[in-house]
Every structure is written in C-alpha cells, then in structure tokens.
Amino acid sequence: MAEVVHTPRVFSGIQPSGGLTLGNYLGALKRFVETQDTGGVETVYCIVDMHAITVWQDPDKLTHATRELTAGFIASGIDPAKSILFNQSMVPAHAQLAWIFNCVARLGWMQRMTQFKDKAGKNSERVSLGLFAYPALMAADILTYHATHVPVGEDQKQHVELTRDIAIKFNNDYGVDFFPTPEPVIEGAATRVMSLRDGSKKMSKSDPSDMSRINLTDDADTIAKKIRKAKTDPEPLPATIEGLEGRPEARNLVNIYAALAGMTVEQVIADHGGQQFGTFKPSLADLAVARLSPITTEMDRLMKDPAEIDRILAEGAERASEIAEPIVKRAYEIVGMVGRGKA
Ligand code: ATP
Ligand code: MG
C-alpha cells in the first residue's frame, strides 16, 4: 500500500485540573508558543476538560480552571488567531473517536501505563474507569487532527507512544493507511520539572502540597518563599555537570534556571558552580519572578472578562471541528458504521 504522507500538524493539551505550574509552563506552554511563533505548521492546543474529570473536580472550580488555563495560554503568548485554542468537550469528535480507540487498544497495553499506576496508587479498585481509559482518549485527541507532532513533557512520552500503537493497530486491523504515527517532541532543559519538596516526584498541579510547585498565579513573595524553602542537600553547587549526579534537587533547580534563562545547563554551572544554595536560590527566585510576573499580570487582566474567554474558546472549537469532524466521519466509515455517509 502506498504510504500516505501526512501534512505536519502540532497538537497538545493541558488539563484544567488545577492552576498552571512552572512544570506545565517550561515543559509545555513555553514550547507551544515557540512552535507557534516559528510558523510553517498548524498548531492546535486544547484545554482537555474531559481528561480533568477522570478524577473528581468540583464543577465551579472546573469552570474557573478552564477559563484560567485559557488565560494562561494567551498570557504566555498563544495567539488564538494563529493557533487553534479550545476546550475538548466542545468538540464531540474527541469522545467519538475515543470509543473506537477503546476497542482498538488492548487491556495489556493500558495496564502498563505508569501514569495510571502513579495516580491510582494503592487505590486502583476505586478510581474511575475514565482514569484507566485516559490514554485512549488522549490518542483520539491527537489523531482526530491527524497530528504528526506532540510537544509534551517527559511524563507523557509513554502516552504518545501508545497513541502510535493505536494508530498502527487501527491501520492494520482495517487495512488502511489512515492515521499518522505521531512523534512526541520532548525538548529543552526542563522536560521534567520535579517537585520542590521531593526531587524524585514530578511537579504537578494536582499535588496536594502547594509548596511542591510554583503556580503561574503565585505572587513574587510566594515564589521567593517556595524557592527558599525548596528541598536541597547541604553541598554547594558543583563545578561540573557530572557533579549533579545523584543530587536530584540540585539538578532540578539548575534545570529550572537554565530553562527560564534560555541557557544550557553547562552555562548555568559555569556561572554558578561553587555557589551555596543561600546565594543561588535568590538568583533563581529573581529570575522566576522576572519571567513569570508579566504572565501572571496578563492572566489577571484576561480573567476580568470571562465572556471574552468563552467567546475565544467557542471560536476555536468551531475551527477545531472543521478539521476533526471529517476525520472522525471517515474513521466511522472505515469501521463500517452505517449512517455516516457510507455508500
Ligand atoms: P495533573 O497533576 O492533573 O496530571 P499536570 O501538572 O501533570 O497535572 P497535565 O495537564 O497532566 O499537567 O500536563 C500538561 C502538560 O504539561 C503535558 O505536556 C505534561 O507533560 C507537561 N508537564 C506536566 N508536569 C510537568 C513537569 N513537572 N515538567 C515538565 N512538563 C510537565
Ligand atoms: Mg499530568
């Protein structure tokens, strides 16, 4: 069968499961903006509210978090005229394709997903079925746009790989070359920002400890306090990168510095190697405040007009549907469902 060449298209999403963190900003948002601004490729960014409800969300908080996340995208530099920006639940194609993918993905594949194991913990009998099926919905998010590139943090690599497996199995099962096999794009100095309280855990917006993360809504004093209190070891920063080996908390702060400053880890070590944390942490706090406070201020301004945010999302959803609907329609035809235009 002739290989179909898919036009490059970028898709990624963030859950409105809390406020945006520095991890979301460095691992995802900042890179979404860079991709948009490089140009030459269509960029589709989604506030994945259907993923958020895989764990309980208070309805009013979900509404607020969806608008705040939209404000965070725009304040960080996503231009709704250049990128398609919308919330997942407004485009039914995601859920429609997800059902087909629930039937393509194998139970054994899903059981290997580390995010499910991490989030379910010891309580796996009592978590939602949605939490388990999450990666099939994520595959639908990506593939309903025939996206080829998915910028994500390191933690989502396994889900993008599962998406590839689902695309390949669908194509094989139905003898078509319909879905592309998308690539995860994991780049930069901070692809996995760690918790400020525990260097072995990733920073997450859903972590119960607010001290574990920097939120995009934190003010300057809060950011400085959280960095000052961040867990570290008693040694000064090493003089070489190798010296960061076995020092996850030190490595994390150096990575964050590098990503915020647009420097390499080598350059940060060249400038700050040998410093005590009592010296390095205030420099890091100043840098974080300088980079984040303009975003926070702009988010505050945007949040004063929720109707305008809702309008932007609705417009984005319309543009997203124009791409997604024909693809899902074709997928249903391929599967043999009657009534969606099959001859
Ligand atoms: P939750 O705790 O609810 O899962 P989260 O903080 O993990 O929230 P997600 O919405 O799941 O955020 O992920 C959005 C994007 O941010 C994904 O691309 C993910 O890889 C990236 N991301 C999340 N946490 C980090 C982190 N600590 N470092 C780098 N990237 C991250
Ligand atoms: Mg997550």
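What you see below is based on every heavy atom in this structure, not just the backbone, and it leaves out hydrogens, waters and symmetry mates. Numbering of ligands and ligand atoms starts at 1, following listing order. Just so we're clear, the structure is a prediction, and the values are computed from it rather than from any experiment.
Near ligand 1, residues Gly13, Ile14, Gln15, Ser17, Gly23, Asn24, Gly27, Ala28, Lys119, Val152, Gly153, Asp155, Gln156, Ala190, Thr191, Arg192, Val193, Lys202, Met203, Ser204, Lys205, Ser206 come within 4.0 angstrom through at least one heavy atom.
Linking ILVMFWY side-chain heavy atoms closer than 4.5 Å, directly or via other members, places Val185 and Ile142 in two distinct hydrophobic clusters.
Closest approach of Ala317 to Phe86, counting heavy atoms only: N-CB, 3.4 Å. Residue Gln15 comes nearest to Lys205 through the heavy atom pair O-NZ, 2.9 Å, listed as atom of the first residue, atom of the second, then distance. The shortest heavy-atom contact between Ser321 and Pro326 is O-CD, 3.9 Å.
No more than 12 heavy atoms of other residues, nucleotides or ligands shown are found within 6.0 angstrom of NZ on Lys225.
Exactly one residue among Tyr134, Phe116, Trp109 makes a ring pair (Phe, Tyr, Trp, His ring centres under 6.0 Å) with His159. That residue is Tyr134.
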